[in-house]
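Quick notes on the structure that follows.
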2 protein chains.
Amino acid sequence: MAQPGTVDRILDTAEVLFAQKGFAETSLRAITSKAGVNLAAVNYHFGSKEALIQAVFERFLSPFSEALNAKLAEMEASGTPDTPENLLALISRLALGTHPEDPRRAAIFFRLSGQAYSQPVGHLREYLHKQYGAVFSRLQEHMQRALPDMPPRELFWRVQFGLGAAIFTLSGMESLKEISRSDFNMEATEADITGRLLPFLIGGITAPMP
Amino acid sequence: MAQPGTVDRILDTAEVLFAQKGFAETSLRAITSKAGVNLAAVNYHFGSKEALIQAVFERFLSPFSEALNAKLAEMEASGTPDTPENLLALISRLALGTHPEDPRRAAIFFRLSGQAYSQPVGHLREYLHKQYGAVFSRLQEHMQRALPDMPPRELFWRVQFGLGAAIFTLSGMESLKEISRSDFNMEATEADITGRLLPFLIGGITAPMP
DNA sequence: CCGCGTTCAAAACATACGTTTCAAACATAC
DNA sequence: GTATGTTTGAAACGTATGTTTTGAACGCGG
């Protein structure tokens, strides 16, 4: 492994370009030339482009997943009550703050998630489900405890809807900011949008059953 | 123009493949060979691959956009009150029923929308905004009339959140159906999911202000 | 200082892509 | 029936991609 070197420079550059332009549209040459490393370095260190993509996601999601697990355990230990407000605020804080050294990485995080989710059949989606399905299930259980009267199947779909609203909106934040700027003369920040998002999610998830 | 021929066979095949695997991942050779037409036919009839993509969207969105416009005009004329319920039910019915000849096309419609939205910078997103921004604005005005006490900027974001929830969920419906099948032994249908989606959207959009 | 495993650099490779070319087939009007 | 404009077919073009190869450079323990 290289010290503060090639591997990390590739990952740093790749995550930015993947988030900006997508996986298929980002060539290894674009990554390596911008990262200032040799083209062959990707295949040498990672094996293939697809392995690079997975490595980018692992570096992103592992800290998030671990932090979420830790915070949930903390909640359980301290007896903090399970409420939609608590759970969603927790996730929101985590998503925005998992990488405090660079706030821009939150935006990259969202865009990568959107790319992964809207990706076709690809190995990526099942890799994510296999790798991080456990923490998602745990979250779902907490949400179920917060809303004991809601049928699990209904809750499952509502969480999916909420996930969609969040990822989709935050992933397209750049464009939406521009629209909101031209239509409302309003500058919108990440924190501003997530602040508006939370009441929406709570309202949707706790909406009365049909 | 070809009669019941080449052009439509290309569009029919392209929309399926684009929805399944994305734009960049679908080659013209894959389209033309599956459609049973010559490779050069795409460039001959459409000019380029990008023009093909736009043509696919135009064939999808124009009927939808026109139908929505017509229904909104109908509402205005008949004095039907603007309520979130009415408006969202209207859109839902339209999205599921714009192409009644083939219900599978609703799924394709959602997947294409998801692809377009999560697409990078590409010309597609601004093309869609330029082409269909008007009908979206009109819808937004109706929603504003339904919720006169909500600040327009707040409403803008809430509509975006709802759009995200809808497109994102419906676009990933195939995978989500499978998860719901394995986790809940539950068969989910399009109508089932949209039936659950509407209360969520209404709850989110009408949630109390923070 | 030497030997060896690791990393890097430059070039080449094979392939897939979008696009273009050009002649043949076709349809239509005169 | 011939001429004209349109559509199709097969092949080629140029380019960009992911990957592989081959040595050189480097770091380090003996």
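A note on names: the letters A, B, ... follow the listed sequences, proteins ahead of strands, and every chain is numbered from 1. No experiment lies behind these values; they were computed from the predicted model shown.
Regarding B:Phe46, its CZ atom lies at a distance of 13 Å from the P atom of C:dT19, rounded to whole Å. Nucleotide C:dC8 holds its P atom 14 Å from the CG atom of A:Leu39, rounded to whole Å. In this structure, B:Ile10 places its CD1 atom 13 Å from P of C:dT19, rounding to the nearest Å. To the nearest angstrom, P of C:dG18 lies 14 Å from CZ of B:Phe23. Between the P atom of C:dC22 and the CG atom of B:Asn38 lies a distance of 16 Å, rounded to the nearest Å. Atom CZ of B:Arg9 and atom C1' of D:dT8 are 11 Å apart (whole Å). Here C:dT19 presents its P atom at 9 Å from CD of B:Glu50, a figure rounded to the nearest Å. Protein atom CD1 of A:Ile53 is 14 Å distant from nucleotide atom C1' of D:dT17, rounded to whole Å.
Between A:Phe64 and A:Phe109, the ring centre distance stays below 6.0 Å.
Contact check, A:His45 against C:dT6: no side-chain N or O comes under 4.0 Å of OP1 or OP2. A sub-4.0 Å separation between OP1 or OP2 of C:dG18 and a side-chain N or O of B:Asn43 is absent. Look at A:Ser27 and you'll find a side-chain N or O under 4.0 angstrom from OP1 or OP2 of D:dT17. In terms of phosphate contacts, A:Thr6 brings no side-chain nitrogen or oxygen within less than 4.0 Å of OP1 or OP2 of C:dT7.
Applying the side chain to side chain donor-acceptor pair (under 3.5 Å) definition to pairs two or more places apart or across chains, those involving residues 155-168 of chain B are B:Tyr117-B:Gln160, B:Glu154-B:Arg158.
A:Phe18 and A:Phe23 have perpendicular rings, their planes meeting at more than 60° on a 0 to 90° scale where under 30° would count as parallel.
Among the nucleotides C:dC8, D:dT19, C:dT19, the one closest to any side-chain atom of A:Leu28 is D:dT19.
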Going 5' to 3' through nucleotides 21-29 of chain D and flagging B where a protein heavy-atom sits under 4.0 Å of the base, S where only the sugar-phosphate is that close, and - otherwise, we get B--------
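Contact annotation for B:Thr32: no contact, since no heavy-atom pair falls under 4.0 Å across all strands.
Judged by the 6.0 Å distance and 45° axis criteria, A:Arg105 is positioned over the aromatic ring of A:Phe60.
Nearest approach of A:Ala188 to A:Ser180, heavy atoms of both residues: CB-OG, 4.1 Å. A pairwise comparison of heavy atoms in B:Ala116 and B:Phe57 identifies CB-CZ, 3.5 Å as the closest pair.
Remark: B:Lys177 engages B:Glu190 in a salt bridge, criterion side-chain N to carboxylate O under 4.0 Å.
C:dC30 is paired with D:dG1 under the criterion used here, namely a Watson-Crick or G-U wobble arrangement in which both key atom distances are under 3.5 Å.
Annotation: of the two residues near DNA chain C, A:Tyr44 and A:Arg29, the 5′-most nearest-nucleotide partner is A:Tyr44.
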